[in-house]
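Only one structure is covered here, and it is reproduced in the block below.
No experiment lies behind these values; they were computed from the predicted model shown. For reference, positions follow the sequence shown, starting with 1.
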Amino acid sequence: MYRRASNAFIRWTFLCLGLATLGAVIGANLYQVRDDLTKREEERLLFLTGIVQKITEENLVALDAVLSDLIRDQVQGDVDRDINQRLVTLTDALPGVRTLTVLDAQGVVRACNRPELLGRDLSQREYFQRARTNPASETLHVSQPFQTFLGVYSINLGKVVLGAGGQFAGLVVATLDPQFFIPLLNSVLFSPDMRAFMTHGEGLLFLMAPEREGMAGLDLALPGSFFSRHRESGQEASVFMGTTPVTAEERMLAIRTIRPASLKMDNSLVVAVDRDPSRIYGQWRKDALLQGGLYVAAVLVSVFGFGIYQRQRRRHEQAMAEAHRNLEDSERFIRMVTDNIPGMVAYWDRDLRCKYGNMAYQEWFGRSMEDMRGISLREVLGEVLFQKNEPHIMAALKGEPQVFERVLTKPDGNTRDIQVSYIPDVDGMEVKGFFVLGTDITELKYTQLELERRVRELDILAATDPLTGIGNRRHFLERAEDELARSKRYSLPLVFLMVDIDHFKSINDTYGHDTGDDVLKSMASTLQHTMRATDIVGRLGGEEFGVLLIQTGTDEALVIAERLLKTLQSVCVLTKTGSICYTVSIGLSAFEVEDDSMESLMKRADLALYHAKETGRNRVCCFGDF
């Protein structure tokens, strides 16, 4: 009884420790999630301000170049006759600019894209006074936000025009267009609780999106404000969270200074994007409440379920014992089936250790199941065979089924052809090992090789004239059609010779068909040894033979045909009654671009051959020469 109570106390102690650990983990996880959420939101807000910064800086650089070009034209006297029209064109090309103005040294508007401003005296404007006080030609002067004569709240960017002696000669001014920057600011707002600001570097608010009445011109540079803290930090970008002194609201705000490195500006612009933290952490608070509630529920369920667990434990142990018996019965059944399969069956785990091998597998490698269990695959196969199979093994462990053939030697020295299959054991996304199936295909391979040998013999017989041993008509025409297509494609010369033995019927009638066959064999042998290796020779039928001269013109073909004619005149066939000499007639035709098949060449060569026969035999006749 005391021991049972002690065990129960230990279990309760572990349960309490587990619940406490779970609570700590949940708390740490919630803290980490909130910290990650904060960092992710800060990065997102900084990224959005970076988008506005990049687009604005690109516009400032382009605008500075336009102002510099206008100043250069003023100094060099290259001003267009209609400078106002030019300013209209430039303003249309600069989406962020509303007005381009040229002021003289007295502050009077001398040129402008808006006619209603011509002749106005702007000498009292803050931006004109500042530029005249500090006439640095390279400086881009950034004015504070102000109300223009046209009723638009804007910011001016200006560059000083210096005279020949370096004195102040005027100012070229670009007025930023709020209608360009308002959509830009709106484009980075992805939530209704967000706001975007564009501010002068000294703190006066230029634009706000969504627009709020009475905010334009508001001074954000209050002591302790986000703007003041950012400016005091000297950083390009900052992120703050807390109560803003300006609106007394709880906000997370990312702020970034806009000052292109390539420009010299007397002041900067500042862009900021903020969010309501309650919207940022709203879902996190819900999750925290949910997880807290679930934790309390887990504590209650754990306490009440612990007693139930004690009762179920005994039942579980009984079920495990039953499952173990069932597993043993299943393994016995599988072994009985696989041991009676004539092929080899085995299983190897990811560490290439044997978990199972049937009787055929054990017998092949000369090992018992006790020897096989746990043995490495490298040891079973040997180093040489393992290296051959290694690519297939690695592929199977990646989940790729493998089928290949191997020539294996059994321990008794008997060599057999084996077809091997590696079947991956895939459990979800994990490959636990692979099955090996081996089948003896020695007899099948022998049958396959014998069949291939007979097919090759049939191919040779189908392409060879059985009497002369050279290509038959079908084989000759197949090769000739390929060469004709090549000649047509590449405009290569090609000549066909049709060779016919003179008075061959008389030879057969006088000396018998056996002697006629000897003459045909002699003719074929002479053609093979006389013609070039690139030429195609074949028996077309009876005593007719064909020769295709590859990449050969008519003149060269005539020389070859005459040489063949003389060679055949000197060939005699020895018979029982003496030697028989014979002659041939040759008809020649050349490839023409209109020829689409060998039939055209053969018809022309046949006509030439007929002409050679009619005009005395033992001669060469070229189609077109008669």
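- Qualifying side-chain hydrogen bond (donor to acceptor under 3.5 Å, both in side chains) partners for S522, counting only residues two or more places apart in sequence or in other chains: Y582.
- Residue pairs meeting the disulfide bond (SG atoms under 2.5 Å apart) criterion with at least one partner in residues 540-606, sequence neighbours excluded, are C572-C581.
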### Query
Could you walk me through whether K505 and D509 pass the salt bridge (Lys or Arg N to Asp or Glu O under 4.0 Å) check?
CA-CA 6 Å; K505 184 176 183 303; D509 293 342; 3.0 Å; yes

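- Using modelled atom types, one finds no donor on one side chain facing an acceptor on the other under 3.5 Å when comparing Q362 with N358.
- Using a 4.0 Å cut-off between charged side-chain N and carboxylate O, R378 and E383 make a salt bridge.
- Screening residues 610-626 for salt bridge (charged side-chain N to carboxylate O under 4.0 Å, His left out), with sequence neighbours left out, gives D500-K613, D502-K613.
- Residues R373 and K355 have side chains not in contact (no heavy-atom distance under 4.5 Å, counting atoms from C-beta outward).
- Annotation: salt bridge (charged side-chain N to carboxylate O under 4.0 Å, His left out) contacts of D425 (sequence neighbours excluded): none.
- Side-chain polar atoms of R532 and T552 form a donor-acceptor pair below 3.5 angstrom.
- By the 4.0 Å N-to-carboxylate-O rule, K603 lies close enough to E599 to be salt-bridged with it.
- Salt bridge E43/R40: absent, no basic N to carboxylate O contact under 4.0 Å.
- The backbone N or O of V431 sits less than 3.5 Å from a side-chain atom of R350, completing a donor-acceptor pair.
- Side-chain contact, D371 with S368: a donor N or O sits under 3.5 Å from an acceptor N or O.
- The main-chain N or O of D417 is never found under 3.5 Å from a side-chain atom of R406 such that the two would form a donor-acceptor pair.
- A donor-acceptor pair shorter than 3.5 Å cannot be found between the side chains of N59 and T56.
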### Query
Passes side chain to side chain donor-acceptor pair (under 3.5 Å), E236 versus Q53? Steps please.
CA-CA 11 Å; E236 177 187 326; Q53 177 195 34; 2.8 Å; yes

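- For the 3.5 Å distance criterion, the side chains of R256 and T49 qualify, holding a donor opposite an acceptor.
- Not counting sequence neighbours, the partners of N113 by the side-chain contact (heavy atoms from CB on, under 4.5 Å) test are L87, V88, T91, T99, L100.
- Applying the ring-ring contact (aromatic ring centres under 6.0 Å, His included) test to every pair with at least one member in residues 375-429, sequence neighbours left out, gives these pairs: H392-F404, F404-Y422, Y422-F434.
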### Verdict with reasoning, D92 to T89, per side chain to side chain donor-acceptor pair (under 3.5 Å)
CA-CA 5 Å; D92 292 340; T89 303; 5.7 Å; no

